[in-house]
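Notes for the one structure printed next.
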Amino acid sequence: VTGGGFPDNLPRVLPDGLRAVVTPGAWEWPALFRFIREKGNVPEEEMLRVFNCGVGMVLFVAPDRAADVRRRLAATGESVLAVGRVEKGPRGVRFA
């Protein structure tokens with residue numbers, strides 16, 4: 001997740017009729033992003049639109065494959081977190 005945060009990046013890989021639902025409380029935000037949000041009085045949704053807030057990469061994985069993908073990535077030393085889901089709706093991102 002680079003410039004443009006979640007709303008600009010995640011929809012690029014979704015087909016029409018599906019949207020990502022991201023749960024910002026699903027991971028610990030690094031201190032820098034917490035500082036910007038708190039001291040700059042920046043709303044959470046704006047933070048997620050501009051920054052990755054500590055999430056470097058997002059994989060969309062079918063539910064029946066999630067456990068296997070998680071296990072394989074963890075075996076390589078990667079931190080794996082479920083940060084949301086996909087649902088029917090207009091292509092885009094919704095924060096829940």
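Index from 1, following the sequence.
- Each side chain to side chain donor-acceptor pair (under 3.5 Å) pair with one or both residues in residues 29-44, not counting sequence neighbours, appears once here: Glu28-Arg34.
- At a threshold of 4.5 Å between side-chain heavy atoms, the hydrophobic network of Ile, Leu, Val, Met, Phe, Trp and Tyr places Val13 and Val69 in two separate groups.
- Rounding to the nearest 0.5 Å places CZ of Arg70 at 11.0 Å from OG of Ser79.
- Val21 belongs to no hydrophobic cluster, as no Ile, Leu, Val, Met, Phe, Trp or Tyr side chain comes under 4.5 Å of its own.
- Annotation for Pro30 and Cys53: closest pair CD-O, 3.4 Å, computed over non-hydrogen atoms.
- The hydrophobic clustering, which links ILVMFWY residues whose side-chain heavy atoms are closer than 4.5 Å, places Met57 and Phe51 apart.
- With hydrophobic clusters built from ILVMFWY side chains whose heavy atoms lie under 4.5 angstrom apart, Val93 shares a cluster with Val42.
- Nearest heavy atom pair, residue Pro11 against residue Gly92, reads CG-CA, 3.7 Å.
- Within the model, atoms CZ of Arg91 and CG of Asp16 stand 4.0 Å from one another, a figure rounded to the nearest 0.5 Å.
- Between Phe95 and Phe6, the ring planes lie perpendicular to each other; the angle is over 60°, past the 30° to 60° tilted range.
- Under the rule for a side chain to side chain contact (heavy atoms under 4.5 Å, CB included), the partners of Arg19 that lie at least two apart in sequence or sit in another chain are Glu87, Pro90, Arg94.
- Taken from CG in Leu73 to CG in Leu59, the straight-line distance is 6.5 Å, to the nearest 0.5 Å.
- Proximity of Thr23 to Val83: side-chain heavy atoms (C-beta onward) are nowhere separated by under 4.5 Å.
- Contact record, Asn52 with Trp27: O-CZ2, 4.5 Å, taken as the closest heavy-atom pair.
- Between Leu18 and Lys88 there is a side-chain heavy-atom pair separated by less than 4.5 Å.
- A 6.0 Å sphere centred on CZ of Phe35 holds no more than 12 heavy atoms belonging to other residues, nucleotides or ligands.
- The local environment of CZ in Arg65 is sparse, with at most 12 non-hydrogen atoms from other residues, nucleotides or ligands closer than 6.0 Å.
- Hydrophobic cluster membership is shared by Val58 and Leu81, with clusters built from Ile, Leu, Val, Met, Phe, Trp and Tyr side chains linked at under 4.5 angstrom.
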Leu48 vs Val22, side-chain contact (heavy atoms from CB on, under 4.5 Å): CA-CA, chis, key distance, verdict = CA-CA 10 Å; Leu48 294 161; Val22 176; 5.5 Å; no
